[in-house]
Peer 1: 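Here it is, the structure in full.
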Amino acid sequence: MPEKAICDMRISMQLSLHTDYALRVLMTLAAADRHLSVDDIARRFQISRNHLAKVVQRLQAEGLVETFRGRGGGMRLARPADTITVGEVVRRFENLDAFVSCFAAGSGCVINGVCGLKPLLSEAIEDFLTKLDQRRISELIPDPQRFRDRLLREPATQDEPLNHPA
């Protein structure tokens, strides 16, 4: 019979799909030379329009994009791409307080307060965010023309998917 673990500490460091989509939208708008719609971006990345629409609503509520209705509508960045940090986006879209179960208030962990894991992970998350704060959305697209050429051309075929983050 296998040993039973005291704590199940499977930690998967992965950004949520909403954070991934938010970064893709911001990068795409930073590289674009025109307004783009949710449909445009969803089609280009071959991702769910409904999920992307929720992300764009959140980006708008957070003051990162502006949206326009009607003819010539769509969206654009609300601020210059060199003023938006990757860390800012990650903080707004990720729930880092729940990185491991003992971070949550009232988690009931019997070793809380005498265990060194929580402070170590808190420090690591802060270091992670500090590193992301050093990078701006504009830096994620060092060659905007190549980015536009790749993304804004006709949608990819099955042989050439665009569903991976840049």
Side-chain angles (χ1 to χ4, degrees), residues 10-101 103-104 121-166:
R10 281 179 263 153
I11 299 172
S12 173
M13 187 64 178
Q14 183 175 357
L15 295 177
S16 70
L17 198 56
H18 278 209
T19 304
D20 177 11
Y21 288 1
L23 291 167
R24 291 189 206 197
V25 167
L26 295 173
M27 290 167 56
T28 302
L29 294 176
D33 52 4
R34 59 189 168 97
H35 291 169
L36 294 171
S37 70
V38 169
D39 290 330
D40 289 334
I41 296 173
R43 187 175 70 249
R44 302 301 176 177
F45 279 110
Q46 298 178 354
I47 57 180
S48 165
R49 186 229 182 268
N50 291 337
H51 283 108
L52 192 63
K54 290 176 188 175
V55 169
V56 168
Q57 283 180 325
R58 177 96 180 265
L59 286 167
Q60 181 182 20
E62 297 287 347
L64 296 170
V65 300
E66 295 176 323
T67 59
F68 304 91
R69 293 181 180 261
R71 190 169 186 221
M75 65 184 135
R76 69 175 181 207
L77 292 178
R79 325 189 314 237
D82 62 355
T83 68
I84 303 170
T85 69
V86 176
E88 174 184 0
V89 178
V90 170
R91 278 185 183 86
R92 292 178 185 208
F93 278 82
E94 292 294 324
N95 178 10
L96 297 172
D97 292 337
F99 187 65
V100 290
S101 61
F103 278 25
L121 291 177
S122 293
E123 181 182 348
I125 290 169
E126 195 53 43
D127 289 348
F128 172 69
L129 292 169
T130 297
K131 187 70 171 176
L132 295 180
D133 286 338
Q134 295 170 7
R135 297 290 185 253
R136 312 238 175 249
I137 294 296
S138 58
E139 293 176 80
L140 301 179
I141 45 167
D143 187 340
Q145 186 59 52
R146 282 187 63 207
F147 189 94
R148 279 191 300 272
D149 290 348
R150 172 74 56 92
L151 186 63
L152 300 179
R153 65 182 178 208
E154 285 307 305
T157 65
Q158 286 185 358
D159 296 331
E160 186 185 18
L162 287 176
N163 59 357
H164 299 289

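These numbers were taken from a predicted model, which means no experiment stands behind them. Starting from 1, each residue takes its place in the sequence as its number.
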Peer 1: Side-chain contact test, heavy atoms from C-beta onward, threshold under 4.5 Å: evaluate it for I47 versus L17 and give yes or no.
Peer 2: no
Peer 1: Atom CG of L77 and atom NE2 of H35: how far apart are they, to the nearest 0.5 Å?
Peer 2: 10.0 Å
Peer 1: I'd like to check F45 versus T28 (side-chain heavy atoms, cut-off strictly below 4.5 Å). Are they in contact?
Peer 2: yes
Peer 1: At what distance, to the nearest 0.5 angstrom, does OG1 of T130 lie from CZ of F128?
Peer 2: 11.0 Å
Peer 1: Is any side-chain heavy atom of K54 less than 4.5 Å from a side-chain heavy atom of Y21?
Peer 2: no
Peer 1: Stepwise, does the side chain to side chain contact (heavy atoms under 4.5 Å, CB included) test hold for H51 with H18?
Peer 2: CA-CA 8 Å; H51 283 108; H18 278 209; 4.3 Å; yes
Peer 1: Distance check, rounded to the nearest 0.5 Å: L96 atom CG versus L129 atom CG?
Peer 2: 5.5 Å
Peer 1: Taking the side chain as everything from C-beta on, heavy atoms only, tell me whether K131 gets closer than 4.5 Å to D127.
Peer 2: no
Peer 1: Hey, mind stepping through L36 and V25 against side chain to side chain contact (heavy atoms under 4.5 Å, CB included) and telling me if it holds?
Peer 2: CA-CA 10 Å; L36 294 171; V25 167; over 6 Å; no
Peer 1: If I take atom CD1 from residue I137 and atom CG from residue L29, how far apart are they, to the nearest 0.5 angstrom?
Peer 2: 10.0 Å
Peer 1: Is it true that D20 and R24 have a side-chain N and a carboxylate O under 4.0 angstrom from each other?
Peer 2: yes
Peer 1: Taking all non-hydrogen atoms of both residues, which atom of L64 and which atom of E88 are closest, and how far apart?
Peer 2: CD2-OE2, 3.7 Å
Peer 1: If you look at every heavy atom in A22 and V89, which pair is closest and at what distance?
Peer 2: CB-CG1, 4.0 Å
Peer 1: Using only atom types and a distance under 3.5 Å, with no angle test, would you say the side chain of R49 pairs donor to acceptor with the backbone of D39?
Peer 2: no
Peer 1: Atom OG1 of T19 and atom CZ of R92: how far apart are they, to the nearest 0.5 Å?
Peer 2: 12.5 Å
Peer 1: What are the two closest non-hydrogen atoms of A42 and L52, and how far apart are they?
Peer 2: N-CD2, 3.4 Å
Peer 1: Using side-chain heavy atoms (C-beta onward) and a distance below 4.5 Å, is L23 in contact with F93?
Peer 2: no
Peer 1: For R79, does the CZ atom have more than 12 heavy-atom neighbours from other residues, nucleotides or ligands under 6.0 Å away?
Peer 2: yes
Peer 1: Could you tell me the separation between the OG1 atom of T67 and the CD atom of Q60, rounded to the nearest 0.5 Å?
Peer 2: 3.5 Å
Peer 1: Kindly write out the residues that satisfy side-chain contact (heavy atoms from CB on, under 4.5 Å) with R135, not counting sequence neighbours, or none if the list is empty.
Peer 2: V86, E139
Peer 1: Could you pull out the closest heavy-atom pair between F68 and M75, with the gap in Å?
Peer 2: CD1-CA, 4.5 Å
Peer 1: Less than 4.5 Å apart, any side-chain heavy atom of R91 and any of L132?
Peer 2: no
Peer 1: E94 side chain to L15 main-chain N or O, any donor-acceptor pair under 3.5 Å?
Peer 2: no
Peer 1: What residues form a side-chain contact (heavy atoms from CB on, under 4.5 Å) with S138, not counting sequence neighbours?
Peer 2: A81, D82, R136
Peer 1: Can you confirm whether the side chains of D40 and S37 place a donor and an acceptor under 3.5 Å from each other?
Peer 2: yes
